[in-house]
Structures are given as structure tokens and as C-alpha cells.
**Q** 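Have a look at this one.
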There are 2 protein chains.
Amino acid sequence: MATGRTHRPATRSRGIPEATVARLPLYLRALTALSERSVPTVSSEELATAAGVNSAKLRKDFSYLGSYGTRGVGYDVEYLVYQISRELGLTQDWPVVIVGIGNLGAALANYGGFASRGFRVAALIDADPAMAGKPVAGLPVRHTDELESIITDNGVSIGVIATPAGAAQQVCDRLVAAGVTSILNFAPTVLSVPEGVDVRKVDLSIELQILAFHEQRKAGEESGQTATTPAQPRTGAPARTAAAAVGRKGPEGDVPAVMPA
Amino acid sequence: MATGRTHRPATRSRGIPEATVARLPLYLRALTALSERSVPTVSSEELATAAGVNSAKLRKDFSYLGSYGTRGVGYDVEYLVYQISRELGLTQDWPVVIVGIGNLGAALANYGGFASRGFRVAALIDADPAMAGKPVAGLPVRHTDELESIITDNGVSIGVIATPAGAAQQVCDRLVAAGVTSILNFAPTVLSVPEGVDVRKVDLSIELQILAFHEQRKAGEESGQTATTPAQPRTGAPARTAAAAVGRKGPEGDVPAVMPA
DNA sequence: TTCTGTGAATCTCTTCACAGCA
DNA sequence: TGCTGTGAAGAGATTCACAGAA
């Protein structure tokens, strides 16, 4: 999910698979809930259910961290919370800046899960001078002019981009130039960053489109149609240009009626 | 990324890999941008760069859809926009409800990419009676009591959950009972749903934690430390319970100083 | 006996490298 | 000649199934 070439380009250092890393937060959340209920130990089966994965996967994941369980018993909840937190780097404090305080940026700033678990909102930054000084989630919004000094002064290495798509790359460049090496991008754009900078993106419309794909297939199967052919395309198919008009095949059930040959 | 057992459990129907489906929206976005600039054709190399992937992957992805390119030339932009839209089911209209109109729900409602590209916000729903009737993004907020009738009357099959974690499962159950079969979950909870319902989740704090993991590793490598051992754990490690206190190994560089043996 | 930890098998995804069409 | 489409190889992730510790 990290953008393109950026992703762990050099040494794989300690061999903990990316897919496992992506699940550790899930386990951590489930464990934290257990911890709050003062549950002392948990089996791989129980924890897996709580985290929404299967137990073999969970055990395999944990095996990359070390042997933290007890055969015949399970895992010590508190101990595992600590180990995973440490592995994820949450035993230290990560100052974060959010750039772009529109609807989304404000929502992020107010998001509770932010403050807890090792992350601290160091500053909210927006390009609109009218926003400057206005308090959002208890913090005064700072103007973009201050971006570099905020990053430097607070030792920020993680930035969240919640600006419109058009501004994202420029903001990204400034963040990176100022020393940020991890970026969480909510803007619907592909960011290009130098080697060594991690980008993860969260994109509402992509998620919806993936759901639509599966939804469409369900509908197709229900009515006995070929899954790839929608019931009634609303838009007309554009004619192919002359250069590309011949010899198309497609995987069989391919818009036979609508498309020109 | 769909939650657990739910994910495409039955027939794989037309064999288009999940990883490919997840990238189609990316290609579509890049193609739409080219289309707006009236670019007629594009090579796999150019398009791949614009979408942030490599060209071999892109060509392989497209090969699952059919042979839509022209050797020696590239892909016809308009034509490919149509084919991908169709494949994703975006040539039809998907009514969507958003449940939970807090900061995040409002941000989602105002998000432009929603309205375009086949999705239409059919209703905004919130449990707070004080919200009812208040216009958000041009739509009056409806009360949760109306949830079932809204779903049924509008033929909604996709629901977005932006409620607090505590309410999410309950809202999910009601959505599913009313006929929703695809859910986009922004609440930090694992949702359990019956077979045949797709769930995708978007989780800010998980993304941040993954970034923190990589960030920590970078810092560790820089200073020549073992990557898995953080500089200075801020929290004390909890002692293991007696039952689990012996024989731990861990993958070598394992908190030797801080942890009790 | 119970439940973890893990090799081995399997499945999926990515990348390579080149045949073949325009 | 240039670029797509795709088998084949390679890498990674998941699942199986069971040895072995408590």
C-alpha cells in the first residue's frame, strides 16, 4: 500500500514480513481491549477471532516476533501488548503534523485514537490565512509559512496530508525537504517522494470502487449473468480510435452488443 | 483487506485477481486525468508512472481484462476509461448511505470524489436527534430510526460507517439486515458480517502504526542499532506472569536490559 | 491433554524476458 | 522498430498439519 518504489527498497533488515506488520496493529487493538477487561491470557484462537484473522496466521505472525506464548496455555496479554507496542515503535512518542484543516483534517485532528498510542498531534497546518489561529481540536491552526519551522522545532518525522489533491504534491515536497520521512496521504493523488520516504495512502473513492466491483459481481451472479457484463451500461461506450479498432478479444463475455466491433 | 472470512468465499467467478482489482481505480484515475487533457493514447510505461506502479504489473493487470492495447502504439485512453469503468461497475449508479455524521461523516459527505464516478449519497444518517433535519453537504441528516426504510426505498447496497467504534457493529447489523451487502468501515472495530457481505476498512491509527514501524526501523539503522530494539522505551515492560516467564527467545536482539529474564 | 511454534505444501502476486503484432 | 501480451520464474503470503513444550 505504500506508494511504488518507495517501499522498503534497501535491506529487509530484520525479516518481519510486511503483511505481518500490517496486522500487528489489529492484534494490538484486540489485546488492548482484553487488557482493559483484565483478561490475563488468551489463546491464539480467541485472539485471532477478536482480530478477525485465522489462528494459524496469527501464530505465524507472532513467530516472527519471537516465542512469546506458552504451549498449552496461550499468550500473556500484558506482555504481548508490550512486545507488539515495542515492535511497532509505539513505546516512543511520535509527533505528527496534519496539513490541510478542512472537513477531513478537522476530523483527523479530533480523532481520539490519534492522541493515544504513541502519536501526538504537534501542529495543524493550513494554507488559508483566515484559518490561522482558529482553534481546532484544542490546537490553534498554523499557517503553511510556518511548516518548515514547525517540523524542525518539533522533530516531526510523520506528516498527514489532508489537503485537496492539487496541493498535495507541493505540501509533500515541503514536508520531505523539512525532514519528514513518513507520510500518510488522504489526498487522491499519487505522491512522488525520494528513496527512503514511506508513503501510505488512504483513499475513500478507491475503496468504494473496489466494493462496487464486488457488488456488481454479486448482482451479476444472482441473475445468472456473466459477471463482467453489467446489466445496463448507462454510458455509451466510446468508439475506439482507428489505430486500435481491430483484433480485440477480451476475456469472452465482452460487451458484444454495445461496442463497435 | 476485506474482513476475514467474508472475502470472496465462493466461486472466484471470472478470474481477475484481487490485487488487480485494487489497482484498477488507480489506473482509472490516471486515465481520467489524461482524458481531461485530451491525450488520445498512452503507453504502459507512461500510464504506469502516472499510477505509481511498474509497467509489467500494469500490462499483466490489463491482460486480465482483455487485449485492449495496440502493440507498438499503446492504449486508447477513452476506450480504456470505459472498459475499466465497466469492469469496476461504475457505468451504473450506486446509491450510498453514510451513517454517523460527526466530523468524519461530514467530511465524507462533502468529499467530491463521492458524487462523481458512479456513487451518489442517498442519505446521511445519525443517531443524534439534534442532528436530524440539519443540512450537511446539501442533504438533511436523517435519524437512525429511518435507516431501514431509507435502505429499502433507495435500493442501497453500499453503506459507509463513520460512527464511534461502540456503535459500529450494531449499525452494521442493521444495514445488513436491511439489505446492504458492501460496507466501508471507518470505525476502529472488526465487524462481523454474514457470508456474502463485503467489508473494507479504513483505519487511520493502523496506517500510522505501520508508518511508525518503518520509521522506527529507519532510526535504528541510522544509528547502527538493532532495528527491533528502540532507543529508549518510555514505558516499563510489564513482568511476565509466572506461567509464561521462562524459555523465551525472541529473534535475537530482544530487550535484554529492560525485560526481566 | 492442550495449545504453541514451525517446516512443508499451496496459493497468490510480482517480475522477468521475449514472442509476436502493428 | 516499438510496445503489448503472456508464459515462466521468482518472491511472498497463507494454510496445513503435526512435533513438541507445558
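These numbers come from a predicted model, not from an experiment. Lettering of chains follows the sequences in order, A, B, ..., and the numbering in each one begins at 1.
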**Q** Tell me: CZ of A:Arg71 to C1' of D:dC18, nearest whole Å?
**A** 11 Å
**Q** Need one value for B:Tyr75: base, sugar-phosphate or nothing, where a base atom within 4.0 Å counts as base even if backbone is also close, heavy atoms only.
**A** sugar-phosphate
**Q** Please write out each protein N/O paired with an N/O of nucleotides 14-17 of chain D under 3.5 Å, distance rounded to 0.1 Å.
**A**
from	atom 1	to	atom 2	distance (Å)
D:dT14	OP1	A:Arg23	NH1	3.0
D:dT14	OP2	A:Arg23	NH1	3.1
D:dT14	OP2	A:Arg23	NH2	2.7
D:dT15	OP2	A:Asn54	ND2	2.6

**Q** Among the nucleotides D:dA19, D:dT4, D:dG5, which one has an atom lying closest to any side-chain atom of B:Ser63?
**A**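 Per side-chain heavy atoms of B:Ser63, the pick is D:dG5.
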**Q** Mind checking whether B:Tyr79 and B:Tyr68 have ring centres under 6.0 Å apart?
**A**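 Yes, close enough.
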**Q** As a test of understanding, state which of A:Leu58, A:Val81, A:Leu65, A:Leu80 forms a side-chain contact (heavy atoms from CB on, under 4.5 Å) with A:Tyr27.
**A** A:Leu58
**Q** Whether the side chain of A:Lys201 engages the backbone of A:Ile183 through a donor-acceptor N/O pair (distance < 3.5 Å, no angle test) should be reported.
**A** no
**Q** For the pair made of CG in A:Leu80 and C1' in C:dT4, what is the distance, rounded to whole Å?
**A** 12 Å
**Q** Taking 4.0 Å as the cut-off, does a side-chain nitrogen or oxygen of B:Thr70 come that near to OP1 or OP2 on D:dT4?
**A**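 So the side chain of B:Thr70 is outside the cut-off, no N or O lying under 4.0 Å from OP1 or OP2 of D:dT4.
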**Q** Provide, to the nearest angstrom, the distance between the CZ atom belonging to B:Phe62 and the P atom belonging to D:dT4.
**A**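 Nearest whole value for this atom pair: 10 Å.
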**Q** Establish, from distance only, whether the side-chain atoms of A:Gln169 and A:Thr189 form a donor-acceptor pair under 3.5 Å.
**A**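 Judged by distance alone, the side chains do not pair up.
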**Q** Test of understanding: with salt bridge (Lys or Arg N to Asp or Glu O under 4.0 Å), list the residues that count as partners of B:Arg59, not counting sequence neighbours.
**A** none
**Q** May I have the distance from B:Leu58 (atom CG) to C:dC16 (atom P), rounded to whole angstrom?
**A**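 Atom-to-atom, B:Leu58 to C:dC16, this comes out as 15 Å.
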**Q** State which residues pass salt bridge (Lys or Arg N to Asp or Glu O under 4.0 Å) with A:Glu46; sequence neighbours excluded, sorted by chain then number.
**A**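 Per chain and number, A:Glu46 pairs via salt bridge (Lys or Arg N to Asp or Glu O under 4.0 Å) with no residue.
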**Q** Calculate the interatomic distance between A:Glu18 atom CD and D:dA13 atom P; express it in whole Å.
**A**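 Those two atoms, CD and P, are 8 Å apart.
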**Q** Examine the side chains of B:Arg200 and B:Ser182 and answer whether a donor and an acceptor come within less than 3.5 Å of each other.
**A**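 The criterion, which ignores hydrogens and geometry beyond distance, is not satisfied for B:Ser182 and B:Arg200.
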**Q** In whole Å, what is the span from the CD atom of A:Glu45 to the P atom of C:dT2?
**A** 14 Å
**Q** If you check every side-chain atom of B:Ser67, which of D:dT6, D:dA13, C:dC21 has the closest atom?
**A**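 Of D:dT6, D:dA13, C:dC21, D:dT6 is nearest to the side chain of B:Ser67.
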**Q** To the nearest Å, how far apart are A:Ile16 CD1 and C:dG5 C1'?
**A** 16 Å
**Q** In whole Å, I'd like the distance from the CG atom of A:Asp76 to the P atom of C:dT4.
**A**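 For the pair A:Asp76 CG and C:dT4 P, the rounded distance is 13 Å.
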